[in-house]
Chemist: 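Would you mind keeping the following structure in view while I ask a few things?
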There are 2 protein chains.
Amino acid sequence: MSLSLAEENYLKAIYHLSEDGTKDVLTNALADSLSTKAASVTDMIKKLSVKNLISYKKYYGVNVTAKGKRQALQVIRKHRLWETFLVQKLDFAWDEVHEIAEQLEHIESPRLIEKLDKFLGYPTVDPHGDPIPNGKGKIVIKPQIPLDQIEEGYKGAIVAVKDSDSAFLKYLEKIGAKPGKKIQVISKEAYDESMEVIVGNQKVFISKEVSKNILVTE
Amino acid sequence: MSLSLAEENYLKAIYHLSEDGTKDVLTNALADSLSTKAASVTDMIKKLSVKNLISYKKYYGVNVTAKGKRQALQVIRKHRLWETFLVQKLDFAWDEVHEIAEQLEHIESPRLIEKLDKFLGYPTVDPHGDPIPNGKGKIVIKPQIPLDQIEEGYKGAIVAVKDSDSAFLKYLEKIGAKPGKKIQVISKEAYDESMEVIVGNQKVFISKEVSKNILVTE
DNA sequence: GTATTTTTTTAGACGAGTCTAAATTTCTAG
DNA sequence: CTAGAAATTTAGACTCGTCTAAAAAAATAC
Ligand SMILES: [Mn+2]
Ligand SMILES: [Mn+2]
Ligand SMILES: [Mn+2]
Ligand SMILES: [Mn+2]
């Protein structure tokens with residue numbers, strides 16, 4: 001009963017778009033996310049539904065079942081372990097790994113993943129700060145808040161980044177922002193919600209566009 | 001112009017069965033090797049032929065073109081680098097890696113392969129002793145002879161093994177035979193061509209079935 | 001509360017890759 | 001040299017995943 005590459009990609013997209021299974025995902029949102037057409041999504045949705053991986057109410061979107069969530073988390077686990085490998089062992093920059101992990105996540109071999117996990121020292125987060133589900137699919141999410149919801153005077157640390165777009169990650173690299181780094185909010189402009197922050201030792205201005213994609217500790 | 005997974009598998013099988021492009025490969029041989037049906041092979045052959053990756057004479061088999069050989073060698077390069085990674089870094093036994101490499105060889109990312117190669121220290125042979133083509137597809141084959149063609153009194157070393165069957169590799173493991181190990185032929189039975197050999201420090205009897213799949217130095 | 005717009009589903013088609021069964025070609029005995 | 005056997009190709013069908021165009025349902029606007 002193992003899933004095809006397409007099925008895995010759909011399941012993962014549904015899981016992510018549903019925000020970990022908390023809200024239903026609409027057909028067009030999935031089509032956008034997977035760069036495909038709504039009609040194709042409807043077709044695949046029916047198949048996943050028959051296999052009991054998602055629940056589907058016609059016209060009102062889908063969500064993962066318990067079974068589907070387990071499968072999605074396995075794929076996410078593989079994706080994040082491979083990303084970690086690529087950055088930590090092969091010396092890739094963090095903005096280069098997503099596309100490659102998108103392929104590697106579909107390699108089928110439980111033993112491979114076990115051994116990779118061990119080789120990497122059982123990491124709990126990937127290079128983007130995203131938590132890595134364990135072998136049983138359990139995922140420990142650290143409390144985290146989008147930086148745009150933070151007020152002046154805040155001191156904390158970056159936990160993760162939301163966007164996996166390469167240009168965004170390159171920009172973060174440039175300003176020295178990555179998971180683990182300390183961050184302070186010096187001032188916040190009421191008009192456009194842009195911010196002046198200190199990351200590492202550097203003072204930088206960031207727009208709301210950026211701050212909403214940076215997740216920080218409480 | 002990148003190839004599909006199926007195309008890559010066919011091309012690699014043709015290259016191997018043709019013994020590095022030296023003889024034509026027949027439809028049924030290909031079907032056996034790929035665990036598919038002759039009719040499917042004929043279909044795919046036509047496609048590869050149109051793409052100028054193989055030359056095809058109806059009813060008389062196929063062989064790789066220069067272009068096809070280049071592509072096949074790239075896939076083989078990836079396969080053998082991944083096998084090396086699995087054994088050297090992830091601590092897999094050498095009989096466990098073939099199936100996984102069969103999947104990993106299709107991951108598309110030139111940068112990944114470059115970096116993997118570097119990470120492994122630019123190995124020249126894989127865990128089975130098979131040469132790893134370099135980035136340009138150049139392959140250095142060490143002189144090697146099947147052990148069954150060797151006579152009494154021979155002293156040399158194992159260069160590679162032919163069969164990637166797991167049971168065969170496990171057997172070799174048991175008798176301590178692997179690429180790099182020294183080997184001597186103590187005696188050879190004329191009747192069935194079985195041999196008494198010393199591998200490492202151990203004296204063992206091996207059948208022709210085994211000796212023909214062990215490649216040794218001259 | 002009806003009309004228009006937006007979203008989703010259905011209908012029908014296509015390419016990739018595979019299969020079985022039938023036709024064709026080549027090989028091999030005698 | 002020819003009949004039968006063996007190998008290969010062709011014909012037609014199927015699944016998977018995708019697409020476009022048309023139909024249907026839901027949301028929204030007035
Ligand atoms: Mn993927
Ligand atoms: Mn990530
Ligand atoms: Mn393969
Ligand atoms: Mn090998």
Side-chain angles (χ1 to χ4, degrees), chain A residues 1-15 17-18 23-64 68 71-72 75 99 102-103 105-108, chain B residues 1-15 17-18 23-64 68 71-72 75 99 102-103 105-108:
Chain A
M1 266 297 121
S2 84
L3 305 179
S4 72
L5 188 146
E7 288 173 325
E8 288 191 342
N9 283 337
Y10 270 88
L11 218 43
K12 188 165 63 106
I14 293 168
Y15 178 79
L17 290 173
S18 73
K23 48 184 65 164
D24 287 353
V25 181
L26 301 181
T27 302
N28 273 349
L30 261 175
D32 280 1
S33 162
L34 292 164
S35 302
T36 184
K37 297 296 151 67
S40 310
V41 170
T42 302
D43 287 345
M44 180 57 91
I45 271 175
K46 287 183 192 159
K47 290 175 198 163
L48 294 174
S49 189
V50 167
K51 292 188 179 186
N52 248 295
L53 293 160
I54 60 176
S55 62
Y56 170 41
K57 185 162 169 234
K58 239 184 182 182
Y59 294 101
Y60 293 91
V62 296
N63 213 329
V64 288
Q71 298 276 350
V75 179
E99 297 306 312
E102 205 55 48
Q103 297 178 62
E105 70 190 359
H106 305 291
I107 302 294
E108 154 85 44
Chain B
M1 268 302 122
S2 83
L3 304 179
S4 72
L5 187 145
E7 288 172 326
E8 288 191 342
N9 283 338
Y10 270 88
L11 218 43
K12 190 165 62 105
I14 292 168
Y15 178 78
L17 289 174
S18 73
K23 48 183 67 163
D24 288 353
V25 181
L26 301 181
T27 302
N28 273 350
L30 218 36
D32 279 1
S33 161
L34 292 164
S35 303
T36 183
K37 297 296 149 70
S40 310
V41 170
T42 302
D43 287 344
M44 180 57 91
I45 271 176
K46 287 182 192 161
K47 290 175 198 164
L48 293 174
S49 190
V50 166
K51 292 189 178 185
N52 247 293
L53 294 160
I54 61 176
S55 62
Y56 170 41
K57 188 165 166 228
K58 241 185 182 184
Y59 294 102
Y60 293 92
V62 295
N63 213 330
V64 289
Q71 299 275 351
V75 180
E99 297 306 312
E102 204 56 46
Q103 297 178 61
E105 71 191 359
H106 305 291
I107 302 293
E108 153 84 42

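Labels below follow one simple rule: chain letters A, B, ... track the order of the sequence lines, proteins then strands, and each chain is numbered from 1. Quick caveat, the model's predicted, so the values are computed rather than measured.
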Chemist: Test of understanding: with side-chain contact (heavy atoms from CB on, under 4.5 Å), list the residues that count as partners of A/K58, not counting sequence neighbours.
Modeler: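 Applying side-chain contact (heavy atoms from CB on, under 4.5 Å) to A/K58 gives A/Y56.
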Chemist: Do A/I107 and B/I107 come within less than 4.5 Å of each other through their side chains, counting heavy atoms only?
Modeler: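 Counting from C-beta outward, A/I107 and B/I107 do come under 4.5 Å.
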Chemist: Using atom types as modelled and distance alone, determine if a side-chain donor or acceptor of A/D24 lies under 3.5 Å from a backbone N or O of A/S18.
Modeler: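 Side chain of A/D24 to backbone of A/S18: no pair is present.
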Chemist: Can you sort out which residues in residues 37-44 of chain A have a heavy atom within less than 4.0 Å of DNA chain C? Ascending by number, please.
Modeler: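 Residues of residues 37-44 of chain A under 4.0 Å from DNA chain C: A/A38, A/A39, A/T42.
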Chemist: List the atom pairs, with distances to 0.1 Å, where a side-chain N or O of residues 7-15 of chain A and a protein N or O form a donor-acceptor pair under 3.5 Å, not counting sequence neighbours.
Modeler:
residue, atom, partner, partner atom, Å
A/E7, OE1, A/S4, N, 2.8
A/E7, OE1, A/S4, OG, 3.4
A/E7, OE1, A/K51, NZ, 3.4
A/E7, OE2, A/K51, NZ, 2.6
A/E8, OE1, A/H106, ND1, 2.6
A/N9, OD1, A/H106, NE2, 3.0
A/K12, NZ, A/E102, OE1, 3.3
A/K12, NZ, A/E102, OE2, 3.0
A/K12, NZ, A/E105, OE1, 3.1
A/K12, NZ, A/E105, OE2, 3.3

Chemist: Tell me which residues in residues 4-14 of chain A put a heavy atom below 4.0 Å from DNA chain C, sorted by number, or none.
Modeler: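 Going residue by residue through residues 4-14 of chain A, none turns out to have a heavy atom under 4.0 Å of DNA chain C.
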Chemist: Measure the spacing between CG of A/D32 and CG of A/L17 and express it to the nearest 0.5 Å.
Modeler: 9.5 Å
Chemist: Please give, in whole Å, the distance from D/dT10 C1' to B/I45 CD1?
Modeler: 14 Å
Chemist: Between N or O atoms, less than 3.5 Å apart, protein on one side and nucleotides 22-27 of chain D on the other: list the pairs.
Modeler:
residue, atom, partner, partner atom, Å
D/dA25, O4', A/Y59, OH, 3.3

Chemist: Any side-chain heavy atom of A/T36 sitting closer than 4.5 Å to one from A/L34?
Modeler: yes
Chemist: Under 4.0 Å between any heavy atoms, over every strand shown, what does B/K46 touch: base, sugar-phosphate, or nothing? Just pick one.
Modeler: sugar-phosphate
Chemist: Can you tell me how far C1' of D/dG17 sits from CG of A/L48, to the nearest Å?
Modeler: 12 Å
Chemist: Separation of B/Y56 atom OH from D/dA7 atom C1', in whole Å?
Modeler: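 So the OH-C1' distance, B/Y56 to D/dA7, works out to 12 Å.
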Chemist: Quick check: closest heavy atoms across A/Q71 and A/L3, and the distance to 0.1 Å?
Modeler: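 Taking A/Q71 first and A/L3 second, the nearest heavy atoms are OE1-CD1, 3.6 Å.
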Chemist: For the CE atom of A/M44 and the CD1 atom of A/I54, what is their distance to the nearest 0.5 Å?
Modeler: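 Nearest 0.5 Å value for the CE-CD1 distance: 9.5 Å.
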Chemist: Could you grab the distance from atom CG of B/L48 to atom CG of B/L53, nearest 0.5 Å is fine?
Modeler: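 Between B/L48 CG and B/L53 CG, I get 5.5 Å after rounding to 0.5 Å.
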Chemist: Applying salt bridge (Lys or Arg N to Asp or Glu O under 4.0 Å), can you list everything that pairs with A/K47, at least two apart in sequence or on another chain?
Modeler: none
Chemist: Suppose we screen for salt bridge (Lys or Arg N to Asp or Glu O under 4.0 Å). Which residues come up paired with A/K37, at least two apart in sequence or across chains?
Modeler: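 By the salt bridge (Lys or Arg N to Asp or Glu O under 4.0 Å) rule, A/K37 matches no residue at all.
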Chemist: Go through DNA chain C in 5' to 3' direction and return only the first and the last nucleotide with some atom under 4.0 Å of chain A's heavy atoms.
Modeler: C/dT7 to C/dT10
Chemist: The criterion is side-chain contact (heavy atoms from CB on, under 4.5 Å); which residues satisfy it with B/T27, sequence neighbours excluded?
Modeler: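 Partners of B/T27 by the side-chain contact (heavy atoms from CB on, under 4.5 Å) criterion, ordered by chain and then number, come out as B/A38, B/V41, B/T42, B/I45.
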